[in-house]
Amino acid sequence: DDAQSNSISHGSPEGTSRFQARLDYARKFGDHNVSGMLLFYLQNKVISNQVPFRYMGFSGRATYDYRNKYLFEFNIGYNGSENFARGKRYGVFPAGAVGWVITQERFMRGVKWLDHLKLRASYGLVGNDQLGANRGDYRFAYLTTIGDTDGYRWGVDNDYHRSGRWEGNVGVANLTWETVKKANIGLELGLWNAIELQADYFKDRRENIFLQRQTMPGSAGFVQTPFQNFGIVTNQGIDLSLTANKQVSKDFLISARGTFTYAKNKIIEQDEPLGVLGTNRSSTGYPIGQIFGLQDDGLFTDADFVDGELIEGIPEHTFSKVRPGDIKYKDVNKDGVINDLDRSAIGGTWNPQIVYGFGLNFQYKNFDFGFFFQGNAKTYRLIGGSNFIPGSGDGSMGNILSNYQDHWTVDNPDQNAFWPRLSSSRNANNTQESTWWLHDMSMLRLKNVELGYNFSKKKLLPAFIQSARLFVTGSNLLQFSGFKLWDPELDASNGLRYPIMKSASFGLEINF
């Protein structure tokens, strides 16, 4: 066993002290290999004048394999957190995994092109004790707190004042660990001493998620609604990685690599108001961050109006008075009126569901060349905002992009124009979040590229120089995307941020 302790730094109000005790065991019995580990830990972390952050727990691991062919592993954690009341502070989190190295079987020995083939599966439980929007910014939720008010004033001139106190956060005694059930099935494959492939399918189910209640009425008197273990979210997908290396000839080496990840989550349970749950405005059943908005039905035409009023059968648009060239919306809830109640799920989420990358490297004699592309897909964004369309801010503010010619006009009533009817004053109807302003932000970027030359030690370098390399490299030089107005990876709905910088450099590396 071993033990270690790190003391808090002298003269500083911050620091961390830890204690660990560990016992390891490993032994081989003929063709059988077994191992085990037990660990006990304590941690005390001090940050400024806050109450110390304290954790304690046990963990254990046991493994067994037969001839490195059949693999078994079991893990268990018994963890304690200060964030919960007594009786709720400790959680048990077991996990297990199995593996089968098929290429270790006798019937595979004659297969020369197959270097490695392994199947594996795992299932386990993971715990989380961090509460709050930023995970950890809300502690001791089981304790009710007292907060300050603005106080009250009295007197003829209101010149007497006393500060006040009221109930702050309401403690939730039965709050406990948030848990994730994690399942994984994987494949490892090696071919021709050159190619390695890993493929995984994963599925997670997060339960007892820490959520602040959203459905409590104001008459309940809460200054801040309490947390509860209430939500459920599932997440599943695939993860692929591929590497290849081939010595084509004595002077020529080529290598390639690629990754691909697809993941999609779904909200199974959350605290939604009853007036929203089950309607087109409900986000239950959709991914986290699902985009909501109105569904456009093209632009209004002259045929939609008689004497400046909408003809019978067209829903009333309530955001502002509409004219030909303005955006027409679908009546999703079929009540004859277009308003916020017609918002529904549109597109997907800003966070991409697909992330991938691929690259190649070549080496020929003293020259080397390599590049790597990075991309994402199934990512969407609503562009716009209060100052995006000209006329915003009652005409005093507003912007228009370089594609200003692509807009609806009386002489060119293009239904596929980028901009609807433009005006010198604010048009609330056209600034609504809707499919009209929804864009696919998928992109592929040349993340880096490099060309180098290694000087020959024997022919060009003096004895005191071990190696030298001249190179030119570039980053973010190319980008391919259907969205052209600004960098689709910018976290901005109007493009008003600095784009990702392109860079190019030359260099010389010398080792003595």
Open item on the list: Salt bridge or not between D342 and R281? Use side-chain N to carboxylate O under 4.0 Å.
Closed with: no
TODO: Taking atom CG of L274 as the centre, report whether more than 12 heavy atoms of other residues, nucleotides or ligands fall under 6.0 Å from it.
DONE: no
TODO: With rounding to the nearest 0.5 Å, note down the distance linking CZ in F202 to OG1 in T261.
DONE: 7.0 Å
Task: Between CD on residue Q228 and CD1 on residue I209, distance to nearest 0.5 Å - done: 13.5 Å
Task: Test item: S35 side-chain N/O and Y25 main-chain N/O as donor-acceptor pair under 3.5 Å - done: no
Open item on the list: Taking L175's backbone N and O only, do any of them form a donor-acceptor pair with N229's side chain (distance below 3.5 Å, no angle check)?
Closed with: no
- [ ] May I ask you to check whether D296 and S434 show a side-chain donor-acceptor distance below 3.5 Å?
- [x] no
Open item on the list: Quick one: does any side-chain atom of N366 pair with a main-chain N or O of F455 as donor and acceptor, under 3.5 Å?
Closed with: no
Open item on the list: Enumerate the side chain to side chain donor-acceptor pair (under 3.5 Å) contacts for residues 81-90, please, sequence neighbours excluded, ordered by first and then second residue.
Closed with: S81-D129, E82-R139, R89-Y142
Task: Heavy-atom check, side chain of K181 versus side chain of E207, under 4.5 Å - done: yes
Open item on the list: Salt bridge check, D31 against K69: does any charged N sit closer than 4.0 Å to a carboxylate O?
Closed with: no
Open item on the list: One thing to verify: whether D487 and R445 come together as a salt bridge, which I'm taking to mean a side-chain N less than 4.0 angstrom from a carboxylate O.
Closed with: yes
Task: salt bridge (Lys or Arg N to Asp or Glu O under 4.0 Å) contacts in which one or both residues fall within residues 184-198, not counting sequence neighbours - done: R120-E188
TODO: For the residue pair W100 and L117, establish whether any side-chain heavy-atom pair is separated by less than 4.5 Å.
DONE: no
Open item on the list: So, taking the atom named CD in E489 and the one named CG in N476, what distance separates them when rounded to the nearest 0.5 Å?
Closed with: 8.5 Å
Task: Sidechain-backbone polar pair: N376 side chain, P352 backbone, donor-acceptor under 3.5 Å - done: no
Task: Distance, nearest 0.5 Å, that separates NZ of K118 from CG of N68 - done: 10.0 Å
- [ ] May I ask you to decide whether D297 forms a salt bridge with K330, counting only side-chain N to carboxylate O separations under 4.0 Å?
- [x] no
Open item on the list: With rounding to the nearest 0.5 angstrom, report the OG to NZ distance, S122 to K182.
Closed with: 9.0 Å
Task: Under 3.5 Å: donor-acceptor pair, side chain of Q363, backbone of N361 - done: no
TODO: Would you check if the side chain of S59 reaches a backbone N or O of G77 as a donor-acceptor pair within less than 3.5 Å?
DONE: no
Open item on the list: Taking R343 first and then D340, would you say they form a salt bridge - that is, a charged N and a carboxylate O separated by under 4.0 Å?
Closed with: yes
- [ ] Check whether any side-chain heavy atom of I238 sits under 4.5 Å from a side-chain heavy atom of D200, and report yes or no.
- [x] no
TODO: Report yes or no: does Q247 contribute a side-chain atom to a donor-acceptor pair with the main-chain N or O of S249 at less than 3.5 Å?
DONE: yes
TODO: Return the orientation label for the Y286 and F292 ring planes: parallel under 30°, perpendicular over 60°, tilted otherwise.
DONE: perpendicular
Open item on the list: Tell me whether the rings of F418 and H439 are parallel (<30°), tilted (30 to 60°) or perpendicular (>60°).
Closed with: tilted
- [ ] Give a yes or no on whether the backbone of T225 and the side-chain of Q212 come within a donor-acceptor separation of less than 3.5 Å.
- [x] yes
- [ ] Would you mind checking if R22 and D24 are paired as a salt bridge, meaning a charged N to carboxylate O distance below 4.0 Å?
- [x] yes
Open item on the list: Please check if the number of heavy atoms outside K28 that lie under 6.0 Å from its NZ is greater than 12.
Closed with: yes
Open item on the list: Any side-chain to backbone donor/acceptor pair from N265 onto N235? Under 3.5 Å, distance only.
Closed with: no
Open item on the list: Is the ring pair F40/F58 parallel, tilted or perpendicular, if the boundaries are 30 and 60 degrees?
Closed with: tilted
Open item on the list: I'd like to check Q432 versus W437 (side-chain heavy atoms, cut-off strictly below 4.5 Å). Are they in contact?
Closed with: no
Task: Between CD1 on residue I232 and NZ on residue K266, distance to nearest 0.5 Å - done: 12.0 Å
- [ ] Indicate yes or no for a side-chain donor-acceptor contact from E272 to the backbone of S283 under 3.5 Å, with no hydrogens or angles considered.
- [x] yes
